[in-house]
Amino acid sequence: MPKATETLLEIDLDALGHNFRYLKSKLKDTTKLLGVVKAYGYGSDAVEIAKELQHLGIDYLAVAYVKEGVMLRNSGITVPILVLHPQAVNLEILIDHCLEPNLYSKLVLDQFILASEKKDQKDYPIHIKFNTGLNRLGFLEKDIASITDKLNTTNSVRVRSIFSHLAASEDLLERTFSLDQIASYNSICEQYLQLSDEKPMFHMCNTSGILNYPEAHFDMVRSGIGLYGYGNSDEHSKELIPVVTLKSVISQIHHIEKGATVGYNRAYTIKNEWEAQSIATIPIGHADGISRAYGNGKGWVTINGQKASIVGNVCMDMIMVNCTDISCREGDEVILFGRSQTAEILSQSVQSISYELITAISQRVKRIIVKK
Ligand SMILES: *Cc1c(COP(=O)(O)O)cnc(C)c1O
C-alpha cells in the first residue's frame, strides 16, 4: 500500500477471505455460516463486506435494523438477510425489501403477521428468538405452545429458524452458564419440533461460541467479530487477520520548551525535567471515533514502527502525540490500529473491547478497499 497522506480506514478483503475460510474450517460441511454486517459492517463498509461475503459463498447475512438491510438490498445483495431487531414501524418496508425478521415477543409476532397478511404474503420467512439467559430479546420456553398455536392460524408466515444467543461465550470462567444456556436451547428445540410439522434451522453461536462450543453449532452459526479478524482471546485472534487498519499522517510537529502546555485545558505540561519535547499533531479526533478516553497517555499511535502516546485531551478533529524519541517528519504516516497494533490491544488501554473501537470509526473517515 502507498503511505497514507490523510486519515484513512483500509478494508482488506483478502483478510476477510482468510477469516471466512478459517471460521469455515471450524464447521461441519453441513453447518451454514451467517455473516453479521450490522453497524456498517462493524464500522468498516457494510456493502463492500456483504458483496465480498456473497462472493465467498456466505449462506446468510444479518443486520440489526431494517434500514441497514434496505441499504444492502439497494446495493444488489441477494443472499437472505436476517434483521435482528426490527421495529414495528418498519415491518412493511422490511417485507418490501425481502428482509427476514427476528420475532422475539408476542407483540412483534402479532404485528408481523398483520403486516404480512396485509401485504398478501404466503410463507414469508421469519425467525423466532428465544431468551436462554442473556435477558435482552426473546420468547421464553413456556411460550412455545402459544407461538405454534398462533402460527397455526395463518399461512402468511413460515418459520425459517429458531435461535438464541449466548451471554458470555468468550468467557471460559462462565462455561457452566453457557452450557446451561445450550441445554435450555436444546430443550426448546425439541419441544418446538414436537409441536410443529416443519423443521426450521437452529442456531445459537456467535464468533466465540463457534470457537469455544463446537457442540452448539447446530444448523448455522453467526459470526461478526471473527470475520473482521478478532477472536476475543490471544489464542483465537492469532489465527485471524484484522480486516481494518486505521491510518493517518503527521500534520505538524512542534518543539515545545519546558513549562509550556499542550492542547485544550492545558492538560499536558512539558515538565521541568525535560528541556523540550516534540509533539506531533494528527488529523483524527473524537468526531472520528477516537474517544476522549484515549487522551492523557492512555492511548497511543505508531509512527515509523514506534509507539507515540497521546498527550493531553483528544480534540474533536485532532490528537497530539509525543514523538520526542522517534525519528519522524511532518507528512509521515501514522497507524492508529491494524495488524500489529490491533484494535483489541488499543481498546484494552481504556477498558473497552475491539467491537466498540472499530464500530466507532465515523463516516467522516475515508474508506479504502484493498484486494490483491
Ligand atoms: C452481533 C450479534 C452476533 C455477532 O456476534 P460476534 O461476537 O460479533 O460474532 C451474533 N448474534 C447476534 C444475535 C448478534 O446480535
Side-chain angles (χ1 to χ4, degrees), residues 1-10 12 43 230 234 237-238 242 244-354 356-362 364-368:
M1 279 305 290
K3 296 273 183 195
T5 51
E6 61 181 322
T7 301
L8 294 175
L9 189 71
E10 277 177 18
D12 182 345
Y230 291 101
D234 291 346
S237 288
K238 76 177 197 306
V244 296
T245 299
L246 181 60
K247 293 181 170 178
S248 192
V249 63
I250 299 177
S251 294
Q252 189 174 17
I253 298 176
H254 289 290
H255 300 284
I256 303 176
E257 306 215 331
K258 64 181 170 191
T261 59
V262 178
Y264 285 132
N265 311 106
R266 308 185 64 205
Y268 183 74
T269 305
I270 314 291
K271 290 198 196 129
N272 283 329
E273 63 236 53
W274 303 306
E275 275 313 307
Q277 285 194 325
S278 301
I279 304 292
T281 302
I282 323 284
I284 188 167
H286 62 73
D288 303 291
I290 302 301
S291 91
R292 277 172 55 94
Y294 291 97
N296 297 303
K298 291 270 176 57
W300 66 88
V301 304
T302 306
I303 302 172
N304 298 331
Q306 286 185 273
K307 269 171 119 172
S309 72
I310 301 176
V311 297
N313 288 318
V314 171
C315 313
M316 188 185 295
D317 314 306
M318 284 168 255
I319 52 175
M320 279 71 91
V321 302
N322 188 343
C323 62
T324 306
D325 299 322
I326 301 174
S327 152
C328 60
R329 293 191 303 182
E330 292 175 352
D332 280 359
E333 183 178 81
V334 173
I335 311 280
L336 280 288
F337 57 77
R339 289 191 183 200
S340 44
Q341 289 296 331
T342 67
E344 200 161 31
I345 298 171
L346 182 57
S347 65
Q348 282 163 4
S349 68
V350 300
Q351 285 75 48
S352 182
I353 54 176
S354 59
E356 186 178 37
L357 180 54
I358 65 177
T359 58
I361 303 312
S362 79
R364 182 164 79 173
V365 176
K366 186 169 171 183
R367 270 67 175 164
I368 299 272

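The chain is numbered in sequence order, starting from 1. What you see is a predicted model; the values in this text were computed from it and never measured.
Residues that satisfy the side chain to side chain donor-acceptor pair (under 3.5 Å) test with Ser248, not counting sequence neighbours, are Thr7. Applying the salt bridge (Lys or Arg N to Asp or Glu O under 4.0 Å) rule to Glu273 yields no partners; only residues at least two apart in sequence or on another chain are considered. In this structure, Arg329 has no side chain to side chain donor-acceptor pair (under 3.5 Å) partners at least two apart in sequence or on a different chain. For Gln348, the side chain to side chain donor-acceptor pair (under 3.5 Å) test picks out no residue, with sequence neighbours left out. In this structure Ser340 satisfies the side-chain contact (heavy atoms from CB on, under 4.5 Å) test with no other residue, sequence neighbours excluded. Shown here are the side chain to side chain donor-acceptor pair (under 3.5 Å) partners of Ser347, two or more places apart in sequence or in another chain: there are none. Remark: Ala4 engages Leu8, Lys247, Glu333 in a side-chain contact (heavy atoms from CB on, under 4.5 Å) (not counting sequence neighbours). Residues that satisfy the salt bridge (Lys or Arg N to Asp or Glu O under 4.0 Å) test with Glu6, not counting sequence neighbours, are Lys366. Remark: Thr5 pairs with no residue by the side-chain contact (heavy atoms from CB on, under 4.5 Å) rule, at least two apart or across chains. Residues passing the salt bridge (Lys or Arg N to Asp or Glu O under 4.0 Å) test with Lys298, sequence neighbours excluded: none.
Side chains of Ser251 and Glu330: a donor-acceptor N/O pair is absent below 3.5 angstrom, by distance only. When only modelled atom types and interatomic distance are considered, Trp274 and Glu257 share no side-chain donor-acceptor pair under 3.5 Å.
Between Ile319 and Val301, some side-chain heavy-atom pair lies under the 4.5 Å cut-off. By the 4.5 Å heavy-atom criterion applied to side chains, His286 and Asp288 are not counted as neighbours. Between Ser354 and Thr342 there is no side-chain heavy-atom pair separated by less than 4.5 Å. The closest side-chain heavy-atom distance from Glu344 to Phe337 is not below 4.5 Å. In this structure, the side chains of Ile361 and Ile358 stay at 4.5 Å or more apart for every pair of heavy atoms. With contacts defined as side-chain heavy-atom distances shorter than 4.5 Å, the pair Ile250/Cys328 qualifies.
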Do any side-chain atoms of residues 305-318 form donor-acceptor pairs under 3.5 angstrom with protein atoms, and if so which ones, sequence neighbours left out?
residue, atom, partner, partner atom, Å
Asn313, OD1, Asn296, ND2, 3.1
Asn313, ND2, Tyr264, O, 3.1
Asn313, ND2, Asn265, OD1, 3.4
Asp317, OD1, Arg364, NH1, 3.0
Asp317, OD1, Arg364, NH2, 2.9

Give every donor-acceptor pair under 3.5 Å between a side-chain atom in residues 275-283 and any protein atom, sequence neighbours left out.
residue, atom, partner, partner atom, Å
Glu275, OE2, Lys258, NZ, 3.3
Gln277, OE1, Tyr268, OH, 2.6
Ser278, OG, His255, ND1, 2.9

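Annotation for Gln252: atom CD counts as buried by contact number, over 12 foreign heavy atoms lying within 6.0 Å.
A salt bridge is absent between Lys3 and Asp332; no separation between the charged side-chain nitrogens and carboxylate oxygens falls under 4.0 Å.
Put simply, the residue from Ile303, Leu246, Thr245, Asn304 that forms a side-chain contact (heavy atoms from CB on, under 4.5 Å) with Ile335 is Thr245. For the side-chain contact (heavy atoms from CB on, under 4.5 Å) with Ile256, the lone residue among Val262, Asn322, Thr269 that qualifies is Val262.
Between the side chain of Ser362 and the backbone N or O of Ala287 there is at least one donor-acceptor pair closer than 3.5 Å. In this structure, the side chain of Ser349 engages the main chain of Leu346 through a donor-acceptor pair within 3.5 Å.
The CH2 atom of Trp300 sits 11.0 Å away from atom CG of Leu336, with the distance rounded to the nearest 0.5 Å.
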